[in-house]
*Asks:* 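Here's a structure for you.
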Amino acid sequence: MSTERRRARRQATKLWRTRVLRTERVTPRMARITVGGPELADFAGAGTDENVLLYLYETTEGLPDPLTLESARTAMSRNRPYMRSYTIRRHDPSANEIDFDFVLHGDHGPASAWASRAVPGDEVIFVGPSPAYTPDPSAPWHLLIGDETALPAIDAIIRALPGAVVKAFIEVEDAAEEQDLPGVTWVHRNGVPAGSAEPLIKALSAASFGEGQPAVWAAGERSAMQAVRDHLVSCGIERARVRPATYWRLGHAGS
Ligand SMILES: Cc1cc2nc3c(=O)[nH]c(=O)nc-3n(C[C@H](O)[C@H](O)[C@H](O)COP(=O)(O)OP(=O)(O)OC[C@H]3O[C@@H](n4cnc5c(N)ncnc54)[C@H](O)[C@@H]3O)c2cc1C
């Protein structure tokens with residue numbers, strides 16, 4: 001395990017209290033929120049799909065001071081935050097900045113609603129980062145699959161695989177949601193509701209794959225990812241290689 005990853009493991013349960021520095025609408029349905037400040041000076045990245053658990057409080061008034069993971073837990077019976085996972089899109093240790101890309105799927109989700117209204121100065125509290133996915137260096141090729149919530153993770157995994165054979169499929173609403181990620185096959189829903197497996201399965205069925213068993217990383221809506229897994233297994237990929245992560249569940253709050 002690298003020094004960087006060991007440091008990330010050690011700090012995995014630390015609570016970070018930062019502020020929004022700037023916001024940007026990367027695409028119509030994706031908000032990039034840059035957070036940071038001197039508090040992040042000893043934040044060590046974990047790599048690839050590292051993510052954090054955001055604590056979204058209705059109000060931060062009356063929270064314990066100092067706010068640590070332990071004191072926040074103790075206060076949870078009085079002030080329980082919504083907890084949502086988000087991937088670190090970019091970490092710049094020299095500037096003490098972290099970017100998160102939020103899918104704006106509507107105001108019914110507290111995280112999506114918060115991101116659509118976030119302004120510089122807003123407080124951002126999170127715990128992490130999680131340990132990250134380590135791609136198998138001996139795999140003949142790598143298959144990465146997800147919807148737009150997995151875009152930040154897939155981008156990071158691709159960047160960790162220079163020179164490797166990578167096939168990446170990312171489902172987004174339409175062409176306006178594509179980002180500048182070389183080599184990705186963009187799969188457009190074109191009106192099919194998010195959370196359906198249909199667009200990804202159609203794209204995977206039309207793709208030609210290389211020889212040998214790939215290392216597979218997949219994440220998105222739970223049932224959709226289960227259907228994608230079944231499809232890959234029916235195409236000859238060993239079931240044990242396909243363990244998709246649930247990033248969200250249709251009709252259920254939380255991740
Ligand atoms: C490890 C991990 C990393 C993640 N990284 C990211 C990331 O970088 N960017 C990102 O945008 N998301 C990411 N997600 C997914 C995100 O945590 C969920 O989408 C989360 O449920 C959103 O919270 P919310 O409060 O907006 O909605 P919730 O309160 O959780 O849900 C409200 C309703 O919205 C629906 N819903 C939730 N998410 C979506 C969606 N994406 N599209 C359509 N409907 C939805 C639910 O089914 C529910 O009906 C990640 C999840 C995990 C587990």
Side-chain angles (χ1 to χ4, degrees), residues 8 12-13 20 23-35 45-58 80-91 98-118 122 124-134 144-159 168 170-174 177-179 181 184 187-200 217-226 243-255:
T13 49
V20 173
T23 68
E24 182 194 352
R25 199 56 75 88
V26 192
T27 61
R29 287 167 46 92
M30 188 77 94
R32 179 159 301 155
I33 313 281
T34 303
V35 308
T48 66
D49 62 335
E50 60 180 328
N51 50 82
V52 303
L53 194 58
L54 283 186
Y55 280 20
L56 295 159
Y57 288 97
E58 304 253 17
R80 188 176 173 79
Y82 295 102
M83 297 181 192
R84 301 287 187 267
S85 297
Y86 281 84
T87 306
I88 292 178
R89 182 76 165 92
R90 181 188 68 99
H91 173 213
I98 290 175
D99 286 350
F100 297 103
D101 276 5
F102 284 76
V103 175
L104 303 176
H105 60 87
D107 273 0
H108 52 302
S112 171
W114 175 82
S116 68
R117 294 187 190 92
D122 285 356
V124 184
I125 296 169
F126 58 87
V127 172
S130 63
Y133 169 67
T134 312
L144 312 176
I145 303 170
D147 63 25
E148 60 269 68
T149 61
L151 186 157
I154 290 177
D155 178 29
I157 296 168
I158 292 173
R159 280 187 281 111
I170 305 181
E171 177 200 300
V172 292
E173 183 57 41
D174 52 30
E177 294 301 324
E178 295 181 10
Q179 294 191 25
L181 270 62
V184 165
V187 179
H188 297 163
R189 278 194 295 274
N190 285 330
V192 173
S196 158
E198 191 194 311
L200 276 171
W217 185 96
E221 199 285 325
R222 187 166 85 155
S223 303
M225 284 301 124
Q226 286 167 352
R243 295 217 174 88
T246 295
Y247 267 21
W248 59 284
R249 289 175 66 193
L250 196 59
H252 290 258
S255 59

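Everything quoted here is computed from the prediction, not taken from an experiment. One-based numbering, in listed order, for ligands and for the atoms of each.
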*Asks:* Check contact between Thr246 and ligand 1, using heavy atoms of the residue and a distance below 4.0 angstrom.
*Replies:*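 The answer is yes: ligand 1 sits under 4.0 Å from a heavy atom of Thr246.
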
*Asks:* Taking atom types as modelled, is there a side-chain donor on Asn51 or Ser130 under 3.5 Å from an acceptor on the other?
*Replies:*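 On atom types as modelled, these side chains qualify, holding a pair under 3.5 Å.
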
*Asks:* State plainly whether the residues Arg90 and Asp99 are in salt-bridge range, i.e. N to O under 4.0 Å.
*Replies:* yes

*Asks:* For Arg25, I'd like to know if atom CZ has over 12 heavy atoms of other residues, nucleotides or ligands within 6.0 Å.
*Replies:*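 Counting other residues, nucleotides and ligands, CZ of Arg25 exceeds 12 neighbours.
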
*Asks:* Distance under 4.0 Å to a non-hydrogen atom of Pro152: what atoms of ligand 1 satisfy this?
*Replies:* 8 (O)

*Asks:* Suppose I only count heavy atoms of Arg249 and a 4.0 Å limit; which atoms of ligand 1 are within that range?
*Replies:*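 Close to Arg249: 46 (C), 47 (O).
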
*Asks:* So if I count the atoms of ligand 1 from 1 in the order they appear, which ones are less than 4.0 Å from some heavy atom of Gly254?
*Replies:*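 Within the 4.0 Å cut-off of Gly254, ligand 1 contributes 21 (O), 28 (P), 29 (O), 30 (O).
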
*Asks:* Can you tell me which portion of Glu221 lies within the under-4.0 Å heavy-atom range of ligand 1? Options are side chain, backbone, both, or neither.
*Replies:*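 The answer is neither.
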
*Asks:* Give the numbers and elements of all ligand 1 atoms closer than 4.0 Å to a heavy atom of Ala253.
*Replies:* 28 (P), 29 (O), 30 (O), 31 (O)

*Asks:* Output the list of atoms in ligand 1 that are nearer than 4.0 Å to some heavy atom of Leu250, sorted by atom number.
*Replies:* 47 (O)

*Asks:* Minimum distance, heavy atoms only, to atom 7 (C) of ligand 1: which one of Asn51, Leu54, Thr149 is it?
*Replies:* Thr149

*Asks:* Once you measure the plane-to-plane angle for Trp114 and Phe102, does it fall in the parallel (<30°), tilted (30-60°) or perpendicular (>60°) bin?
*Replies:*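 Tilted.
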
*Asks:* With under 30° as parallel and over 60° as perpendicular, where do the rings of Trp217 and Tyr133 fit, or are they tilted in between?
*Replies:*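 Taking Tyr133 first and then Trp217, their aromatic rings sit tilted (interplane angle of 30° to 60°).
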
*Asks:* Quiz question: by atom type and distance under 3.5 Å, do the side chains of His188 and Glu178 form a donor-acceptor pair?
*Replies:* yes

